[in-house]
Amino acid sequence: MEALVREAARGAVPQDARPPVRAEALTVMPALPRRAVTYPATTLVGPVEAQASRTPDAPALVLAGGGTVSYGELNASANRLARVLAARGARPGAVVGLAGACGPAELLTALLAVVKSGAAYLPLDPADAPRRRERLLAENTPVCVLGEGVPGALTGLETAGELPTDPPRALTPQHLLCVGYGPGGRPTAVRVTHAEADRRVRELQAEHPLGPGDRVLQLGLPFWEFFWPLRTGAAVVLADPQREGEVGALVRELGVTAVRVAPTALLGG
């Protein structure tokens, strides 16, 4: 994997002009060495909001065309949408479905907005069989579904009149962050709390530190891992998985310094 990413990056930008690309191939939740560290529990989203307050003008998202979205812009957009979701019942203890979106930037904004509202998110695959999707919705009773490709999903919600500030919420580290399901059959739900995801992110940061100046490309990983770069001042590079060959171009052209990828993404499965 290291050789693959370095080959993709070769020649576009002088190697002495930016840090070398780092690559970590991993499963969805790989085991890390147990560290003799006790982290104070916090929510996963609080540090992202704190980072946006510290560095509002720094790039948070780097888009495929080379454009950027700043921390301040991303945070404000997600805040407006979070307030709309709250009016629909999104709060700690509730669930919001998250389906496909027009593009990676919209999906990440929606993800951040759901978590800011205090609700847990339920990933929904538009390619799922209708019976499976209906069972997931019946088990979790989301207050609404955001995105495209799922019957009843909401798109283009009007947020212009909403406040851009961080919304109030009675969210604790023990509240649910997400509900995930494995593929096929009748999979069992995996429920992850903010405290669990926060500990995982801190362990990742201790093993592979990210910071301002890093541009992180992430493929095939659980949604909550996108919060890791965003709470360290790094930028997330967004790839469109539907565009063949885009990953190599992004590494070459956009100054990617770190790649986080699940083995299934490398194998195309």
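The figures that follow rest on heavy atoms only: side chains count, while hydrogens, waters and symmetry mates do not. Throughout, residue positions are numbered sequentially from 1 according to the sequence presented. What you see is a predicted model, and the numbers here were worked out from it, not measured in a lab.
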Side chains of Gln51 and Arg54: donor-acceptor distance under 3.5 Å anywhere? yes
Smallest heavy-atom separation, Ala82 atom then Ala113 atom, equals CB-O, 3.4 Å
When rounded to the nearest 0.5 angstrom, what distance separates CG in Asn75 from OG1 in Thr109? 10.5 Å
Are Leu176 and Leu111 connected into the same hydrophobic cluster when the rule is that any two of I, L, V, M, F, W, Y join if their side-chain heavy atoms are below 4.5 Å apart? no
Would you say Val95 and Thr141 make side-chain contact, with heavy atoms under 4.5 Å? no
Testing the 3.5 Å rule here: is there a donor-acceptor pair between the side chains of Asn140 and Tyr181? yes
Rounded to the nearest 0.5 Å, what separation is found between the CZ atom of Phe227 and the CG atom of Leu230? 7.5 Å
Residue that, paired with Arg260, satisfies side-chain hydrogen bond (donor to acceptor under 3.5 Å, both in side chains) out of His208, Gln218, Glu225: Glu225
Distance, nearest 0.5 Å, that separates NE2 of His175 from CG of Leu44: 15.0 Å
Can Arg200 and Glu196 be counted as an ion pair, charged N to O under 4.0 angstrom? no
Any chance you could lay out the salt bridge (charged side-chain N to carboxylate O under 4.0 Å, His left out) test for Asp198 and Arg231, step after step, and finish with the verdict? CA-CA 11 Å; Asp198 174 71; Arg231 53 195 269 164; 2.7 Å; yes
Criterion side-chain contact (heavy atoms from CB on, under 4.5 Å) on Val179 and Glu139, from CA distance to verdict: CA-CA 10 Å; Val179 184; Glu139 286 184 2; over 6 Å; no
Scanning both residues in full, the closest heavy-atom pair of Val45 with His194 reads N-ND1, 4.4 Å
With Leu177 as reference, evaluate Val115, Thr193, Val114 under the side chain to side chain contact (heavy atoms under 4.5 Å, CB included) test and give the passing residue. Val115
Taken to the nearest 0.5 Å, the spacing of Leu204 CG from Leu210 CG works out to 9.0 Å
Can you name the closest pair of heavy atoms from Ala94 and Gly89 and give their distance? CB-O, 3.6 Å
Go through the steps to decide whether Leu146 and Leu85 satisfy the test side-chain contact (heavy atoms from CB on, under 4.5 Å), and finish with yes or no. CA-CA 10 Å; Leu146 294 180; Leu85 295 177; 3.9 Å; yes
Using modelled atom types and a 3.5 Å cut-off, is there a donor and acceptor pairing between side-chain atoms of Arg169 and backbone atoms of Lys116? yes
State whether the side chain of Arg133 and the backbone N or O of Val150 hold a donor-acceptor pair below 3.5 Å, judged by distance alone. no
Asp57-Ser70 side chain donor-acceptor pair, cut-off 3.5 Å: no
What about Val143 and Val84, same hydrophobic cluster or not, with Ile/Leu/Val/Met/Phe/Trp/Tyr joined at side-chain heavy-atom distances under 4.5 Å? yes
Donor-acceptor side-chain pairing of Thr165 and Arg83 below 3.5 angstrom: yes
Closest heavy-atom pair and its distance - Pro229, Val236: CB-CG2, 3.9 Å
Does one hydrophobic cluster hold both Trp224 and Leu61, with members joined at side-chain heavy-atom distances below 4.5 Å? yes
Which atoms form the tightest heavy-atom contact between Tyr71 and Ala234, and what is the distance? OH-O, 2.5 Å
Where do Ala99 and Glu148 come nearest, in terms of heavy atoms and distance? CB-O, 3.6 Å
With rounding to the nearest 0.5 angstrom, report the CG to CD distance, Asn79 to Glu162. 10.5 Å
What is the distance from atom CD of Glu203 to atom CD of Glu207, rounded to the nearest 0.5 Å? 8.0 Å
Verify same cluster id: Val216, Leu63 (apolar side-chain graph, 4.5 Å): yes
When hydrophobic residues are tied together by side-chain contacts of less than 4.5 Å, even through go-betweens, does Val96 share a cluster with Phe226? yes
So does Gly211 get a backbone contact from the side chain of Asp214, meaning a donor-acceptor N/O pair under 3.5 Å? yes
